[in-house]
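This chain uses plain numbering: 1 for the first residue, then up along the sequence. It should be emphasised that the depicted structure is a prediction, and the values quoted were computed from it without experimental measurement.
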Amino acid sequence: MHNYKELNVWKRSINLAVKVYKLSQKFPSDERFGLTSQIRRCAVSVPSNIAEGAGRRTNGEFVNFLGISHGSICELETQLYIGFELEYIGADQLEEISLEVTEIQKMLYSLIIKFEK
């Protein structure tokens, strides 16, 4: 088992989820069950899967959940771009959050490589 609370990628993905929640509060109310819900689920999925994988018994299981987290953050990035195209997110907001998404993607990938060895 790994202590996920000590992982910087988990801490940063928690912060990202909070940012996504705040950002999506400004989406139109008719998106509550659409893009708003989906984007929030993806954001929460990233740190949740890191934590769940860390609680598993083997490194292989941990890597599997890190892969799920990586997929979720890629899905989140896609949804952020959709939000931008729908003009729910401004260019500056998208750029700022995209930088954080990219950093977390890199961190997850590095962690996957580390534990696959």
Side-chain angles (χ1 to χ4, degrees):
M1 286 190 2
H2 306 277
N3 187 349
Y4 63 90
K5 293 176 189 172
E6 293 179 3
L7 296 172
N8 285 330
V9 68
W10 179 81
K11 293 174 188 174
R12 288 182 74 170
S13 62
I14 289 286
N15 290 334
L16 177 65
V18 171
K19 286 180 185 177
V20 166
Y21 259 77
K22 289 178 180 178
L23 180 66
S24 64
Q25 284 177 338
K26 297 178 179 139
F27 286 13
S29 60
D30 64 334
E31 283 291 349
R32 184 176 56 239
F33 301 110
L35 188 59
T36 303
S37 175
Q38 187 65 28
I39 206 168
R40 287 176 173 184
R41 282 196 308 268
C42 284
V44 169
S45 177
V46 178
S48 296
N49 278 292
I50 294 168
E52 185 172 353
R56 298 297 174 130
R57 293 179 46 198
T58 67
N59 284 346
E61 289 176 300
F62 186 37
V63 166
N64 183 54
F65 280 91
L66 291 174
I68 294 168
S69 288
H70 194 270
S72 291
I73 201 157
C74 290
E75 185 179 357
L76 172 63
E77 183 176 35
T78 298
Q79 292 164 0
L80 290 167
Y81 278 98
I82 292 168
F84 172 73
E85 292 296 325
L86 291 169
E87 298 180 356
Y88 301 161
I89 300 172
D92 291 342
Q93 293 170 310
L94 180 63
E95 184 177 344
E96 179 185 330
I97 207 161
S98 289
L99 291 172
E100 186 66 16
V101 165
T102 299
E103 286 302 309
I104 292 170
Q105 287 170 331
K106 289 176 184 177
M107 293 171 81
L108 284 167
Y109 184 75
S110 295
L111 207 52
I112 289 167
I113 297 301
K114 176 183 174 181
F115 283 103
E116 279 184 334
K117 292 182 179 180

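- With sequence neighbours excluded, no residue forms a salt bridge (charged side-chain N to carboxylate O under 4.0 Å, His left out) with Glu116.
- Interatomic distance, CG of Leu66 versus CG of Asn49, reported as 9.0 Å (0.5 Å rounding).
- Note that the CD1 atom of Ile104 and the CG atom of Leu76 stand 8.5 Å from one another [nearest 0.5 Å].
- When hydrophobic residues (I, L, V, M, F, W, Y) are linked wherever their side-chain heavy atoms come within less than 4.5 Å, the members clustered with Phe65 are Ile68.
- Membership of the apolar cluster around Ile113 extends to Tyr109, as traced through chained side-chain contacts below 4.5 Å between ILVMFWY residues.
- Residues passing the side chain to side chain donor-acceptor pair (under 3.5 Å) test with Thr102: none are found, sequence neighbours excluded.
- Each of Leu108 and Val44 belongs to its own hydrophobic cluster when Ile, Leu, Val, Met, Phe, Trp and Tyr are linked at side-chain heavy-atom distances under 4.5 angstrom.
- Both Leu86 and Phe84 are members of a single hydrophobic cluster when ILVMFWY side chains are connected at heavy-atom separations under 4.5 Å.
- Among residues at least two apart or in separate chains, salt bridge (Lys or Arg N to Asp or Glu O under 4.0 Å) pairs with a member in residues 8-18 are Arg12-Glu100.
- For Ala51, the side-chain contact (heavy atoms from CB on, under 4.5 Å) partners two or more places apart in sequence, or in a different chain, are Tyr4, Trp10.
- Applying the side chain to side chain donor-acceptor pair (under 3.5 Å) test to Glu6 and every residue at least two apart in sequence or in another chain returns Asn3.
- Applying the salt bridge (Lys or Arg N to Asp or Glu O under 4.0 Å) rule to pairs touching residues 26-51 yields nothing, sequence neighbours excluded.
- Atoms CD1 and CD1, on Ile50 and Ile14 in that order, are 8.5 Å from each other to the nearest 0.5 Å.
- Legend: residues meeting ring pair (Phe, Tyr, Trp, His ring centres under 6.0 Å) with Phe27, ordered by chain and number and at least two apart, are Tyr88.
- If you take CG on Leu80 and CG on Leu94, they are separated by 6.5 Å, rounding to the nearest 0.5 Å.
- Hydrophobic clustering (side-chain heavy atoms under 4.5 Å, transitive across Ile, Leu, Val, Met, Phe, Trp, Tyr) groups Ile82 together with Val20.
- Sorted by first and then second residue, the pairs that involve residues 104-113 and meet salt bridge (Lys or Arg N to Asp or Glu O under 4.0 Å), not counting sequence neighbours, are Glu103-Lys106.
- For residues 61-85, the side chain to side chain donor-acceptor pair (under 3.5 Å) pairs, not counting sequence neighbours, are Gln38-Glu75, Ser45-Ser72, Thr58-Glu61, Glu75-Gln79, Glu77-Gln105.
- The side chain to side chain donor-acceptor pair (under 3.5 Å) test applied to Asn59 returns His2, not counting sequence neighbours.
- In this structure, Met107 CE and Asn8 CG are separated by 5.0 Å, a value rounded to the nearest 0.5 Å.
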